[in-house]
Amino acid sequence: MKFSEIVYTRPDVAAVCEKAAALTEKLKNAKSAEEQIEIFEEFEKISSAFSTSATVASIRHTIDTRDKFYEEENDFFDNNSPLIQEKAQEFMNTLLDSPFRKELEEKYGTLLFKNMEIAKKTFSPEIIPLLQKENALTSEYQKLYATTTAEIDGKTLPITKLSPYKQNPDRNIRKKAYVAEGEAFDSKREDLDRIYSELVSVRTEIAHALGYKNYVELGYDRLGRNCYDSKKVSAFRDQIASDMVPIVADIKKNQEKRIGVDKLKFYDDIFMFTDGNPAPHGTSEDILNAGKEMYHNLSDETKEFIDFMYDGEFFDVLAKEGKAPGGYCTEISDYKAPFVFSNFNGTSGDVDVLTHEMGHAFAGYRAMRQNIIAELQNPTMETCECHSMSMEFLTAPYHHLFFGDDTAKYELSHAEDSAIFIPYGCMVDEFQHIMYENPKLTPEERNKTWLELENKYRPYIDFDSLPFYSRGAGWQRQLHIYMYPFYYIDYCMAQTIAFEFYLLSIKDREKAWEKYLRFVDKAGKETFEEIVKYSGLILPYEDGAIAKICGELLSEIKKLRSDLLFL
Ligand code: ZN
């Protein structure tokens, strides 16, 4: 089956709702656990069919946003999915109250019920107007961001288009780009401050309405976190500050030398190599062919997977007119098919699609082929990111297929970028904890907090007198802070797990792959903590974890550097 051959039909929402309600009734009246299990499985079927239609419509809409038919279908799901969600919630609540819960837990495991209980806590019909307000505010931020333009070289550009200037070999041009970006954000200063104040306040209100002390715990529950709390996350961040920050400081010192500046400034931040960042060679078609060859050679499991993806054309990665921006990986449930969407642009980001997004797809492909209910196929977000970020490293023996002579440079920049990201990610996370624990802070107090955190996590950065950044407002360009609260530390923790796979694969490739498969095949059947322990890996927030990982990582980075003569 090819993606293009999937026949789409709009589901009859009223009929689906009626069916779901009838199943809930049947569940209430069931006389045995067996009967309830049968009803649950029937419910799974109708929910899978509904999600399949919704996903197909959404994929086809993003592939060509000008297509009126799928635009309408996509709107249809935006409007009607909440109705189905409500019915699903009623069904799950009935399952939670089942007199046969013990038998059901024996069949499905206790985690399913724990997850359902967490989800239940985060919703109550009375918060609907507040949720609508929250949505309106995040949409307003998104729109503000998308329409913010910067002036450079006599041109007016969307801020996302500044990135080639930020990496220009001419330091003056780099500085100009950061000044232009800062001024652009400053021109929206009042709105950026107001939207965030209102977001913190409405989220706090939602938390109070649901009986939480503040938004922190609700934020965790909304992400379905089922094994760690903010104390553990805080322990992780502190380890990053004490053990990872010195490693990044070393990387930054080396960068200073190799790009030939006497003191690194913020506008040098992403200018890593004087002769430019490593980019894949060849055309998009070459990259796709290399991706196939890579997975054919990596393992039997990835060979089967990639053939399924390519034969079924379950991806759309070339940039085309009318296509939505960005990239994602999703799943078409009834066809047990992952789908990868992207816009190739000729940078190493194109290779990331084949390593990172295909890593997500690989995990989904395998989970959908296990005999487990949909609710247990996907783990929580930090675990999903372990699948993809580790694949970025495990595919290393085949990166030469993309980068040719530049492979060593790519490996160094990949390892360095991954390390540099972690302290920044932790800063974004700690900032949000402070914001939601102190929801009444003024815009000035927020910026002051950000600057203090800069000092803790990125002491090597000198903001000079750049507008916007030097007054501590840099957090406002990080869209997760507005749109996806607390979803960021997931990447940081996953990155440390990916480093563990990386370091292990250098020593013993086969063992690393075996371990990775074990990890992936746990799907969502266990918690992050359980899966990490089961796989024999170090938990990121365990005492001494980061020092252990970082020591080895730095010597690896030094080896890569000396191969390239960056001494
Ligand atoms: Zn990802």
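Side-chain atoms are counted along with the backbone in the values below, which use heavy atoms only and exclude waters and symmetry mates. Counting convention: from 1, in listed order, for ligands and their atoms alike.
- Relative orientation of the Tyr436 and Tyr215 rings is tilted, given thresholds of 30° and 60° on the angle between their planes.
- Aromatic ring pairs are classed by plane angle as parallel below 30°, tilted from 30° to 60° and perpendicular above 60°; the pair Trp513 and Tyr516 is tilted.
- Here 4 is the count of protein N, O or S atoms positioned under 2.8 Å from the Zn ion (ligand 1), waters not counted.
- One distance of note links CD1 of Ile372 with CD of Glu375; it measures 10.5 Å at 0.5 Å rounding.
- Residues Tyr488 and Phe421 place their aromatic rings such that the two centres sit under 6.0 Å apart.
- His399 and Phe393 have their aromatic ring centers separated by at least 6.0 angstrom.
- Ring planes of His356 and His360: perpendicular class, angle over 60° (limits at 30 and 60°).
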